[in-house]
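If you read the sequence from its start, that first residue is 1, and numbering goes on from there. Both counts, for ligands and for their atoms, begin at 1 and track the order of listing. When reading the values below, keep in mind they use all heavy atoms of this one structure, side chains included, and skip hydrogens, waters and symmetry mates.
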Amino acid sequence: MDRIPYGRQSIDKSDVSAVIEALQSEWLTTGPTVEKFEKALCQATGAQFAVAVSSGTAALHAMVSCLDIGPGDEVIIPAITFAATANCVLYQGATPVFADVVPTNLTIDPESVRRNITSRTRAIIAMDYGGHPCDYERLTNLCRHTRIALVSDACHSLGASFRGRKVGSLADMTAFSFHPVKHITTAEGGAIVTMNETWAKRLKRFRNHGLESDTRSREAQGTWTYDMLDLGYNYRLSDIQCALGISQLKHLDAWVQKRRTIAKTYRESLKKPIVCLTESEPGHSYHLFVVRTVGSPGGRRRDALIRALREEGIMANVHYRPIYQLTYYRKKLGDLTGLYPHAEKASEEVISLPMFPQLSEASVGRVINAVNRLSSLSGTEEVPNSNEKLVSQINV
Ligand SMILES: *Cc1c(COP(=O)(O)O)cnc(C)c1O
C-alpha cells in the first residue's frame, strides 16, 4: 500500500519557476531576493523586521547570542521539544533549565516556568507545540519588569495566532524553520522576526561572520573596506532558497486552512481509546496532529500502535522524548527523571498522525480507519508482536 508520511512539502510549478529564475539571476546568494523574502515574512507575521538564516536551528542560536546569553546564565525551555531548542542554549555556554508542559496541549506550562525562575534566568524559549500557541499572555506577564527575555521557537507555528495576534508578534524575538515538513519550505532555512531594530541589525551580522556589511551593500555604497564587530557565523540563506520561500509563502493561508480542515475530520472521526490533544486556541496552525494512547506504561501501547500503523504504510511518529532523557543531556545534566511528570507521561503516549496540506481525503480516511481499528483491539500490545512472529516465520 502507498506510504503516507507524517509530513511532507508541497511544491508546485510556480515554486519551480521561481527557483529557476533565481538560478539564472545575477546573485545566487545574498542578493535582493533575501530582502524580498524578509519583507514577505514581515507581512505574513505582523513583525517589523525579519532576518533569514540557514536553518531554524541557526535562528534559535542567533536569538540566544543576540541576548548576550553565556556561561552562568539559565534559559528556561519546555521539557518536551526538539533537541535544537536546548542545543542553542549550550552553543552559547549557558544552561538549559526545563519546565513541564500543559498536559492538554503540551506547550510550556507558565506555572512550571515561574517555579524555575532564578536570579540567573535570562530568557524563556516558548515552543508552540504542534502549532498550538503557548499562553503568551501569562508568559509575558512573568517576564514583565524583569530582565528575562521571552523568545519563541515557532518552528511549528508559522501562520498560527494567539487570541487574534499572529505568532511572530507575541514574543521579543521569534524563530521559524523552513525544513520540508514545516509549514513552508526553502529545503533548509529559517528566520528570526522581531520588532527591535537594534536586534535585527545584530542578527544580520551574526549570520554573516559578524561583518558590518555584505559585498552587495558595499558595492552599492561604492566602498570596499569592511569591519567585523562581533563573532558571527556563516548562517546565510541563498537567493535560490529565498525565491522558493517567497513562492511558498503565497500558499501559507490556504495551507493552514487545509491543515485545520484535516484536523477537524480527525477530531470528528477518531474514537476512544484514542484521545486527541485539546484545541483550546482556534489560531492553531497544525504543524502536527497529535493523539495519545492513554494508559501506556513505558510507551508499550503507543509503540505497538505505531508499529501496526507503519505495517500498513502509515508513517506515524513521536514528537518528542523529554530532552533530559536523551543520552547527551543525561550525561551532561544528570538524571532528572520524575521532575516533569506531564512531559514524561506524554512522551509515552503521543503519536503524530499524518498531517500536511496535500494529504488526500482518501488518505485521511485510511488513517482514521486504521487508528480506530488497531487502537480498539483489546491488548493492542499483542498485535504487532504476533505480526512480527509471522514475519520471522515466513523469513525462516
Ligand atoms: C524543526 C525544528 C527546529 C529546527 O529547525 P531546522 O530548520 O531543522 O534547523 C527547532 N525547533 C523545533 C521545535 C523544530 O520543530
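In this structure, F82 has its ring center at least 6.0 angstrom away from the ring center of H156. The six-membered or imidazole ring of Y91 lies away from that of Y233, with a centre-to-centre distance of 6.0 Å or more.
R144 and N141 form a side-chain donor-acceptor contact under 3.5 Å, judged by distance and modelled atom types alone. Residues Y324 and E344 have side chains that bring a donor and an acceptor to within less than 3.5 angstrom of each other. Looking only at atom types and distance, the side chain of D12 has a donor-acceptor partner in the side chain of H251 under 3.5 Å away. Defined by atom type and a distance below 3.5 Å, a donor-acceptor pair is present between the side-chain atoms of Y136 and D128. For the residue pair T30 / D214, no side-chain donor-acceptor distance below 3.5 Å is found, with atom types taken as modelled.
For ligand 1, the atoms sitting less than 4.0 Å from at least one non-hydrogen atom of Y320 are 15 (O), numbered in the order shown with element in parentheses. Each of the following atoms of ligand 1 lies closer than 4.0 Å to a heavy atom of M127: 13 (C). Counting atoms of ligand 1 from 1 in the listed order, those under 4.0 Å from a heavy atom of G189 are 7 (O). Each of the atoms 1 (C), 5 (O), 6 (P), 7 (O) of ligand 1 lies under 4.0 Å from some heavy atom of S177.
Side chain of R236 to main chain of N208: no donor-acceptor pair is present (N/O by atom type, distance under 3.5 Å, no hydrogens or angles).
Residue contact annotation: A59 has no non-hydrogen atom under 4.0 Å from ligand 1. Taking 4.0 Å as the cut-off, K182 counts as a neighbour of ligand 1 on heavy-atom distance.
For F178, no nitrogen or oxygen atom sits less than 3.5 Å from a nitrogen or oxygen atom of ligand 1, counting backbone and side chain alike.
Counting heavy atoms under 4.0 Å from ligand 1, residue E188 does not touch it at all. Residue-level proximity to ligand 1 for H156 is carried by the side chain, the only part with a heavy atom below 4.0 angstrom. At a heavy-atom cutoff of 4.0 Å, ligand 1 is contacted by no atom of F176, backbone or side chain. Both the backbone and the side chain of T57 come within contact range of ligand 1, each with a heavy atom under 4.0 Å. Proximity of S55 to ligand 1, defined as any heavy-atom pair under 4.0 Å, is shared by backbone and side chain alike.
Considering only non-hydrogen protein atoms, atom 10 (C) of ligand 1 sits nearest to C155 SG, 3.6 Å. The protein atom (non-hydrogen) at minimum distance from atom 13 (C) of ligand 1 is D153 OD2, 3.4 Å.
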key: Criterion side-chain contact (heavy atoms from CB on, under 4.5 Å) on L170 and R163, from CA distance to verdict   = CA-CA 10 Å; L170 295 157; R163 298 184 190 161; over 6 Å; no
